[in-house]
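Data block below; observations after.
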Number of protein chains: 2
Amino acid sequence: MTTSRVTIKDVAARAGVSKGAVSLAFNHKPGLSEATRERIFQAAQELGWAPSLTARTLAGSRVDVVGLAICRPARLLGLEPFYMEFISGVESVLTEHSCSLLLRLVRSVEEEVGIQESWWRGRQIGGSILVDFRPDDPRVAAAERLGMPVVAVGHPTLTGGLTSVWTDDATAVTEAVRYLAALGHRRVARVGGAAALGHTAMRTAAFDEAARTLELAGARQLTTDYSGEAGARATRSLLSAAAADRPTAIVYDNDIMAVAGLSVAAEMGLSVPGDVSLLAWDDSQLCRLTHPTLSAMSHDVHGFGVEAARTLFGVLSGEGPGSHPVPTPVLTPRGSTAPPSR
Amino acid sequence: MTTSRVTIKDVAARAGVSKGAVSLAFNHKPGLSEATRERIFQAAQELGWAPSLTARTLAGSRVDVVGLAICRPARLLGLEPFYMEFISGVESVLTEHSCSLLLRLVRSVEEEVGIQESWWRGRQIGGSILVDFRPDDPRVAAAERLGMPVVAVGHPTLTGGLTSVWTDDATAVTEAVRYLAALGHRRVARVGGAAALGHTAMRTAAFDEAARTLELAGARQLTTDYSGEAGARATRSLLSAAAADRPTAIVYDNDIMAVAGLSVAAEMGLSVPGDVSLLAWDDSQLCRLTHPTLSAMSHDVHGFGVEAARTLFGVLSGEGPGSHPVPTPVLTPRGSTAPPSR
DNA sequence: AACGTTTTCTTAACCGGTAAAGTCCCTATC
DNA sequence: GATAGGGACTTTACCGGTTAAGAAAACGTT
């Protein structure tokens, strides 16, 4: 009930030493006899004391909290397996360093800049992981202006001089299109993610480029908000074209939209992969739960989070800016892709 | 680049006043002329200063961070729409109070007790939201021992004397079973969540009770780990019984498993809802993306998070322990439930 | 003009730690 | 036996705020 805040002073008194000695003991610094050290830990244990991180932070040492602000409508976040998996990867590294994650959902990049700045100014965080980069993202300048240690999750062309962790979306898109073309598809469509995001633009450009190179006349692209509903709408729009124009293969920017697409195809009486092939992205467990199972560009999202966190610790320990690519998503063919029917 | 930490002292100097005056101004406390107040804000703005939350916390005011530790294997978290939606609800309230969320994924309740304790001891958080209660949960005693303000998300019978926010799972399960029975189903099965969780036990008991009351001889239940794979396995096991014993309706404890079940039925050549009806739980967007769409016990998870956070702020402002039920999940029939075929 | 009130601001003591500098004592060295 | 060098602690000065108590100036009163 009472709790009566136990402080370092109480521990010092109980162990019969000074505050300084307790501090020394708890930071495993030299200058104390084994006996005293033991006595101090004993006292701390008895009183149930742990050093206040707040005070410790204020006293000038580092902050062991990492920030992460995510800017997506709440409705979508719930559904996207991506972030939770990413976070779990980040967490697994933070835990090793007994660090915590400060999370915030924001509505705009501008708001995020504000949050990050106040976190940093208020000494709430030691550094941050920035995600969902846009072209000319204001966070690049903000991070540099503040001198705040960050790792930017995004392609180096988007993240300015910041240390970045990224996947090669362009190559993955190209591989996806090549694969579908190799199966014999000519009318390939892509249902992309949010148009404002930098990596969507990169995928769009790569898709165009691949379509041109492979001389796919019927290539088409749409952008969405990543939601299943938008994916369904986009698919419906693509598949309702006259049979001669209708795409025979569709690539999606996440797996929720691919699942939605699968259901639209069924609803329209089209068989997958007979009438249309579908290819998902990110490849969560979901892709193996549908019927037919979804072929996907598969991706170790957890590992992506791990790498981001590791890199942030690198930055925190003084490493200069760098570019850290993580493995390119690999094609994982399952039941939803096949050669087009004649 | 340099940032040269701006502190309250710098602001005071620039405004030509003392530290104390700046503090007064920024906390909107009386005792300053309008002119000085203005001058101070002006100076702060020019220097880009914001008070350090760390220092502020240390100086004795409250902590504006709320803790949340989640104990589920990372692999599952990614997929479960529940938590992200819940978090987004929590966040929306925290934001109003300019509070942040400290998130941690843990592997066991014991680990969580440790984390919560060190957060609290270290003055990292002002209070916490506890989720996923088990019978005799050690967190109840821990929270009371520490005198830590918390809100427990779980049924009052599980959360001891802690302030709780909960949904009436028992009633919802009963309603689900009644509905299926009303459609004419006699062999109803349930694919439950993690056996160790308190609310799973409550649902299991309620299901048994409802089956007895309605005299459903063929009622069966299984528990899983909430993953789609486990849901698929469970469904496969249930549906591979001889036709005369095979359940004609299955209730799932989340929607991922229901999706998995749907695909298993398809794989086994059974039609939904013709041969077997499926009923999902939680009702994320996913339930509307399958074919047929999934009937579900629908639930405002975002609102659940909102209520949890609101209640925590109540506790923080001194409200005594209380019990806050949120609306019971309501049955939302869609395409996956129908009377059994003869 | 003398005196009590307010208003407005300053001082100084914390909050709970860290870290550099200082003190004391014990031992090795010449 | 004087001195230097460590080891084991203690002192003390911060970190960047808050806040109670104190002081100076402005104001109203009789």
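Proteins come first, then strands; the chains are lettered A, B, ... in the order of their sequence lines, and each starts at number 1.
The phosphate of C:dG16 (OP1 or OP2) has no side-chain N or O of A:S52 nearer than 4.0 angstrom. The shortest distance between the side-chain N/O atoms of A:R123 and the OP1/OP2 oxygens of D:dC15 is not below 4.0 Å. Side-chain nitrogen and oxygen atoms of A:K19 include none within less than 4.0 Å of the OP1 or OP2 phosphate oxygen of D:dT10. Taking side-chain N and O atoms only, B:T7 has no distance below 4.0 Å to OP1 or OP2 of D:dG16. Neither OP1 nor OP2 of C:dG16 sits under 4.0 Å from any side-chain N or O of A:T54. Phosphate proximity of C:dC9 to B:T36: present, with a side-chain N or O under 4.0 Å from OP1 or OP2.
Minimum atom distance to the side chain of B:I8 is reached by D:dG16, of the listed D:dG16, C:dT18, D:dT10. Out of D:dT19, D:dT11, C:dT18, the shortest distance to the side chain of B:K29 is found at D:dT19. In the set C:dT18, D:dC15, D:dT18, the nucleotide with an atom closest to the side chain of A:N27 is C:dT18.
Per the geometry, CD1 belonging to B:I40 stands 13 Å off P belonging to D:dG17, to the nearest Å. Taking atom CD of B:Q124 as the reference point, atom C1' of C:dG17 lies 14 Å away to the nearest angstrom. In this entry the distance linking CZ of B:F26 with P of D:dG16 reads 16 Å, nearest Å. In this structure, A:R121 atom CZ and D:dG16 atom P are separated by 14 Å, rounded to whole Å. Protein atom CG of A:L58 is 4 Å distant from nucleotide atom C1' of D:dC15, rounded to whole Å. Rounded to an integer number of Å, the gap from B:L32 CG to D:dT19 P is 14 Å. One can place CD of A:E38 at 15 Å from P of D:dA8, the figure rounded to the nearest angstrom. Summarising the geometry, the separation between CG on A:L24 and P on D:dA8 is reported as 11 Å, rounded to the nearest angstrom.
The environment of A:E38 atom CD is sparse: at most 12 non-hydrogen atoms of other residues, nucleotides or ligands sit within 6.0 angstrom.
In this structure, the side chain of A:S128 does not engage the main chain of A:L130 through any donor-acceptor pair within 3.5 Å. Put simply, the side chain of A:T54 gets close to the backbone of B:G122: a donor and an acceptor are under 3.5 Å apart.
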For the pair A:F41 and A:R37, evaluate side chain to side chain contact (heavy atoms under 4.5 Å, CB included) and give the outcome as yes or no after the intermediate values. CA-CA 6 Å; A:F41 281 118; A:R37 212 173 276 275; 4.0 Å; yes
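For an aromatic pair to be called close, the ring centres must be under 6.0 Å apart, and B:W166 with B:F133 fails this.
The residue among B:A55 and B:V17 whose nearest nucleotide of DNA chain C lies closer to the 5′ end is B:V17. Both A:G20 and A:K9 lie close to DNA chain C; mapped to their nearest nucleotides by heavy-atom distance, the more 5′-ward contact belongs to A:K9.
Separation of atoms CD1 (B:I87) and CE (A:M84) is listed at 3.5 Å; rounding is to 0.5 Å.
Contact annotation for A:V22: no contact, since no heavy-atom pair falls under 4.0 Å across all strands. At a threshold of 4.0 angstrom between heavy atoms, the contacts of A:S33 are confined to the sugar-phosphate backbone, with no base atom among them.
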